[in-house]
Amino acid sequence: MDTDAQLSERDHCPEPVKGEGQGSRSARISGDLPDEPSGRLSLAAVGQWLTGGGPLRRAGLLLTACMIFLLLVSSYLVQPFLIPSSSMENTFQVGDRVLVNKLAYRFGGEPRRGDVVVFDGTDSFVQGRPTENPVAALVREGASAVGLMRPAETDYIKRVIGTGGDRVRCCDRRGRLEVNGRPVLEDYLHPGDAPSEVAFDIVVPEGKLWVMGDHRSDSRDSRDHLGEPGGGTVPVDRVIGRADWIGWPFGRMTSVKRPDAFARVPEPGQGQPGHGGSPHG
């Protein structure tokens, strides 16, 4: 049998005509789409979706973009903080939105006496983190990040009175607060308030802060936690940032300055008993 002859006669048309439904799948698909890379097609489709859909879609996308931008800014740069109580009057009023500078201590700087700081009080002012519904916590965190809701129960705003190594005591014979043996004239206190109704004398450990509210008779601060772990002091690494501005309401918009009350306070070990000086009484 001449098999070679039979094989040569099987296809008399070297390029048969393809009917509908014949040919490769890739050939049919490539014939339906423009000759452009698939990546370009995807970007074009996304762009068309973003720009189409009418004003409601565009408004929603704009709102989402603004929220993402605000969350990024509040996470890394400046965070609005809603004042929830009167503990810092008259410096801040209930309902004020202060702008917390998160870069203030990020590049080697540390809180100084007189600074107003926002900090996480977990394990210093609050022993253990309070439980909270996860969904409610997520909503609160998002809203508080842009100043629409009060902050977490563990976040506090207070004024730094003493830093690591400082001896802070109250009160001297004239009822004044002392830091490193030097009386501090606290002109930022709420009118009529005494520096403290509670006597205390503490040396602040290194890496910690002694903080107090400006409305001393209505502030739960370092004095109220003397007998707890940490002795009422706050770790520096729990500081979220420094309150540098009042951003709302418009009538109270202003910057928050460090007071001159601590300008003459000596460094730890200078002017204290046993270190060549004497306290001022």
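Between the Asn101 side chain and the Leu103 main chain, a donor and an acceptor come within less than 3.5 Å of each other. Remark: the backbone N or O of Gln127 is not paired with any side-chain donor or acceptor of Asp123 at under 3.5 angstrom. Arg97 contributes a side-chain N or O that, together with a main-chain N or O of Gly95, makes up a donor-acceptor pair within less than 3.5 Å. Without hydrogens or angle criteria, Asp260 side chain to Ala263 main chain gives no donor-acceptor distance under 3.5 Å. In this structure, the side chain of Thr154 does not engage the main chain of Gly121 through any donor-acceptor pair within 3.5 Å.
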Atom pairs and distances, donor-acceptor, side-chain atoms in residues 226-238, under 3.5 Å, two or more places apart:
unit_1, atom_1, unit_2, atom_2, d
Glu228, OE1, His225, ND1, 2.9
Glu228, OE2, His225, ND1, 3.3
Thr233, OG1, Gly230, O, 2.7
Arg238, NH1, Thr122, O, 3.0

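Hydrophobic clustering places Val204 together with Val184 (ILVMFWY residues linked when any side-chain heavy atoms are closer than 4.5 Å, directly or through intermediates). Hydrophobic cluster membership differs between Trp248 and Phe81, with clusters built from Ile, Leu, Val, Met, Phe, Trp and Tyr side chains linked at under 4.5 angstrom. One hydrophobic cluster holds both Ile246 and Ile240 under the rule that ILVMFWY side chains link at heavy-atom gaps under 4.5 Å. Linking Ile, Leu, Val, Met, Phe, Trp and Tyr residues whenever their side-chain heavy atoms come within less than 4.5 Å leaves Phe125 and Met212 in two separate clusters. Both Val256 and Ile157 are part of a single hydrophobic cluster, where members link through side-chain heavy atoms under 4.5 Å apart.
Taking the six-membered ring where tryptophan is involved, the planes of Phe262 and Tyr188 are essentially parallel, since the angle between them stays under 30° and well short of 60°. Classification of the His190-His215 ring pair by plane angle, with boundaries at 30° and 60°, yields parallel.
Looking only at atom types and distance, the side chain of Ser86 has a donor-acceptor partner in the side chain of Asp218 under 3.5 Å away. A donor atom on one side chain and an acceptor atom on the other are found under 3.5 Å apart for Ser87 and Lys158.
Cys171 and Ser196 get closest at one heavy-atom pair: SG-O, 3.8 Å. Closest non-hydrogen pair, Gly114 versus Pro259, comes out as O-CD, 3.5 Å. Residue Asp166 comes nearest to Pro268 through the heavy atom pair OD1-CG, 3.3 Å, listed as atom of the first residue, atom of the second, then distance. Looking at every heavy atom in both residues, Asp224 comes nearest to Ser219 through OD2-O, 3.5 Å. Between Pro183 and Asp172, the closest heavy-atom pair is CB-OD2, 3.9 Å.
Side-chain contact check for Ile161 versus Leu177: some heavy-atom pair is nearer than 4.5 Å. The closest side-chain heavy-atom distance from Val118 to Val100 is below 4.5 Å. Residues Phe119 and Asp155 fail the side-chain proximity criterion, which asks for heavy atoms closer than 4.5 Å. Two residues are said to be in side-chain contact when any heavy atoms from C-beta on lie closer than 4.5 Å; Tyr156 and Val117 fail this criterion.
Thr254 OG1 to Asp244 CG: the interatomic distance, rounded to the nearest 0.5 Å, is 11.5 Å. From Lys257, atom NZ reaches atom OG1 of Thr91 across 14.5 Å, with rounding to the nearest 0.5 Å. Here the CG-CG distance, from Asp214 to Asn90, works out to 9.0 Å after rounding to the nearest 0.5 Å. A distance of 13.5 Å separates CZ of Arg112 from CG of Leu209, quoted to the nearest 0.5 Å. Distance CZ/Arg113 to OG1/Thr163: 4.5 Å, rounded to 0.5 Å. Distance check, rounded to the nearest 0.5 Å: CZ of Arg264 to CG of Asn180 gives 14.0 Å.
The environment of Gln93 atom CD is dense: over 12 non-hydrogen atoms of other residues, nucleotides or ligands sit within 6.0 angstrom. Enclosure of atom CD in Glu197 is not indicated, since only 12 or fewer non-hydrogen atoms of other residues, nucleotides or ligands lie within 6.0 angstrom.
No cation-pi contact links Arg169 to Phe200, judged by a cut-off of 6.0 Å to the six-membered ring centre and 45° from its axis.
Salt-bridge check for Asp221 with Arg223: passed, with a basic side-chain N closer than 4.0 Å to an acidic carboxylate O. Ion pairing between a basic and an acidic side chain is recognised when a charged N comes within 4.0 Å of a carboxylate O; Asp96 and Arg252 show such pairing. With respect to Glu178 and Arg167, no salt bridge is recorded, no charged nitrogen being found less than 4.0 Å from a carboxylate O.
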> Stepwise, does the side-chain contact (heavy atoms from CB on, under 4.5 Å) test hold for Arg159 with Glu186?
Replying inline: CA-CA 11 Å; Arg159 191 178 299 274; Glu186 301 180 279; 5.9 Å; no
> Checking side-chain contact (heavy atoms from CB on, under 4.5 Å) for the pair Val98/Phe92: CA distance, chi angles, key distance, verdict?
Replying inline: CA-CA 8 Å; Val98 300; Phe92 304 123; 3.5 Å; yes
>> Determine whether Val116 and Arg242 satisfy the following criterion, side-chain contact (heavy atoms from CB on, under 4.5 Å), listing intermediate values before the conclusion.
In response: CA-CA 6 Å; Val116 178; Arg242 184 179 65 207; 5.8 Å; no
